[in-house]
Amino acid sequence: MWTPGPRNLITDVAGLLVGHAGDERLLSGTTAVLFDRPASAAVEILGGAPGTRDTELLAPQNLVQGVDALVLSGGSAFGLDAASGVQSHLRSVGRGFEVAGQRVPIVPGAILFDLANGGDKDWGLHSPYRELGLAAAESAGLDFALGSIGAGLGATTATCRGGLGSASAILSNGATVGALVAVNAVGSPLIGESRHFWASPFEIGDEFGGLGLPNPYPADAVRPRTKLDPRPGTNTTIAIIATDLTASKAELKRLAVAAHDGFTRALYPAHTDFDGDLIFAAATGARPAQLSPGELLELSSAAGAVMARAIARGVFHAATAPLYAARPAWRDLGAAAD
């Protein structure tokens with residue numbers, strides 16, 4: 001029904017750039033989305049253990065109407081410092097909400113837990129995430145890699161290594177929807193013990209392997225596969241859904257709700273007590289809105305499908321795991337698992 005944009009990345013949405021920074025020794029990193037101009041944004045949190053910065057200002061009744069950037073980071077609560085690094089970069093180039101003669105860049109963020117993935121977290125007094133956020137902002141561009149990079153560098157799932165994923169779709173009215181996601185779920189992106197993705201029905205071409213659904217379908221596919229020791233706050237899939245349409249914070253709240261369908265289509269189980277599953281929604285305003293009911297329905301449907309594809313692409317592109325990583329990469333599972 002839909003075709004991807006030219007990059008099949010969230011940067012197919014006009015008006016935004018993406019940058020990554022990470023540390024292989026730390027086995028963690030940060031991803032930043034920078035907007036050309038303040039973008040309308042909202043958030044929907046359906047996981048039971050979120051970690052966030054400045055999400056309350058995204059509520060429709062609150063004053064600030066635009067954000068300068070959004071940040072996804074590893075590092076648990078330490079990773080919230082990444083938004084400060086992005087804020088520093090934006091302030092240095094004159095961006096931000098003007099108040100009392102000062103510019104205050106608005107940079108909400110969310111984190112996932114990757115502290116127990118085997119990387120060296122002995123960083124001393126101060127965590128490295130502020131500097132990682134600064135580096136991510138300074139490197140922002142239109143093209144970027146997927147998999148074991150940025151906020152997805154140290155991510156894991158129940159059955160394989162997680163990663164940083166992205167995808168896009170062009171709607172029938174010419175608008176673009178794109179997703180960016182760091183997949184660190186307590187559940188699994190794969191059906192049973194196979195390499196087949198739960199997101200397979202939404203795949204375009206062979207963007208995450210082209211395996212389709214398993215045949216025969218595993219009898220135990222509905223048995224939840226989860227990390228062996230789930231604890232609140234130790235997992236989490238965090239994401240951004242973006243469009244080039246013009247939309248209010250209230251309208252974007254509904255788009256974030258719809259995009260969460262992609263979590264349930266691509267991960268099983270999702271939205272658990274042990275995840276902080278969260279989606280930011282943003283509109284760059286490159287196109288006017290005034291959508292018909294049918295166009296609104298298409299936008300919501302595409303949001304869920306694009307998010308599901310982005311999740312699978314993040315896992316598909318994950319690099320072969322180093323010796324200290326907690327899970328094998330999807331590519332290391334072997335065809336025998338199909």
Side-chain angles (χ1 to χ4, degrees), residues 1-2 4 8-10 44-47 72 110 112 146-148 151-152 155-169 177-214 217-218 221-227 235-242 255-272 274-281 300-318 327 329-331 333 337-338:
M1 178 179 181
W2 299 296
N8 200 14
L9 299 172
I10 194 173
E44 179 69 359
I45 304 170
L46 294 184
L72 308 178
L112 54 82
L146 302 181
S148 302
T156 61
T157 75
T159 50
C160 59
R161 198 171 182 184
L164 193 287
S166 191
S168 68
V177 178
L180 180 76
V181 58
V183 186
N184 190 57
V186 71
S188 174
L190 306 178
I191 300 172
E193 299 295 334
S194 78
R195 296 195 305 160
H196 296 262
F197 288 96
W198 284 110
S200 292
F202 304 95
E203 186 174 16
I204 298 177
D206 60 355
E207 62 184 343
F208 43 88
L211 296 181
L213 293 171
Y217 208 78
V222 297
R223 178 174 68 83
R225 286 165 172 79
T226 61
K227 292 175 181 174
N235 303 285
T236 298
T237 298
I238 49 179
I240 299 167
I241 191 79
L255 185 64
V257 170
H260 267 289
D261 288 350
F263 280 26
T264 60
R265 290 164 175 165
L267 297 166
Y268 179 67
H271 301 145
T272 74
F274 308 101
D275 290 295
D277 290 351
L278 170 153
I279 296 178
F280 292 110
S300 296
S301 300
V306 170
M307 186 62 69
R309 291 167 47 218
I311 289 170
R313 294 190 79 209
V315 174
F316 174 75
H317 285 282
R327 295 288 188 279
W330 178 88
R331 67 184 66 186
L333 295 177
D338 297 344

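Nothing fancy with the numbering, it's 1 onward along the sequence.
Taking the side chain as every heavy atom from C-beta outward, Leu333 and Leu190 approach each other to under 4.5 Å. With a 4.5 Å cut-off on side-chain heavy atoms, Pro4 and Arg309 count as touching. In this structure, Met307 and His260 have side chains that are not in contact, with every pair of non-hydrogen atoms separated by 4.5 Å or more. Contact check for Ile10 versus Ile241: no side-chain heavy atoms found under the 4.5 Å cut-off. Using a 4.5 Å cut-off on side-chain heavy atoms (C-beta onward), Ser301 and Trp2 make contact. Proximity of Pro189 to Val183: side-chain heavy atoms (C-beta onward) are nowhere separated by under 4.5 Å. Between Leu211 and Ser200, every side-chain heavy-atom pair lies at or beyond the 4.5 Å cut-off.
Tyr268 contributes a side-chain N or O that, together with a main-chain N or O of Val222, makes up a donor-acceptor pair within less than 3.5 Å. Although no hydrogens or angles enter the test, the distance criterion places no donor-acceptor pair under 3.5 Å between the side chain of Thr156 and the main chain of Asn184. Distance alone, capped at 3.5 Å, places no donor-acceptor pair between the Asn8 side chain and the Ala167 backbone. Between the side chain of Arg225 and the backbone N or O of Ile191 there is no donor-acceptor pair closer than 3.5 Å. One N or O on the side chain of Asp277 and one on the backbone of His271 form a donor-acceptor pair closer than 3.5 Å. Under the 3.5 Å distance criterion, the side-chain polar atoms of Asn235 are matched with a main-chain donor or acceptor of Phe274.
Separation of atoms CD1 (Ile279) and CD1 (Ile45) is listed at 11.0 Å; rounding is to 0.5 Å. Residue Thr159 holds its OG1 atom at 10.0 Å from NZ of Lys227, rounded to the nearest 0.5 Å. Distance check, rounded to the nearest 0.5 Å: OG1 of Thr237 to CG of Leu46 gives 12.0 Å.
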(request) I would like to know whether Glu193 and Arg223 meet side-chain contact (heavy atoms from CB on, under 4.5 Å); could you show each step before the answer? (result) CA-CA 10 Å; Glu193 299 295 334; Arg223 178 174 68 83; 3.7 Å; yes
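Between Arg313 and Phe208, the shortest heavy-atom contact is CG-CD2, 3.9 Å. Heavy atoms only, all atoms of each residue included: Ala182 and Leu72 are closest at N-CD1, 4.5 Å. Between Ala329 and Cys160, the closest heavy-atom pair is C-CB, 4.4 Å.
Taking the six-membered ring for Trp and the full ring otherwise, the centers of Trp330 and Phe197 sit less than 6.0 Å from each other.
Aromatic ring pairs are classed by plane angle as parallel below 30°, tilted from 30° to 60° and perpendicular above 60°; the pair Tyr217 and Trp198 is perpendicular.
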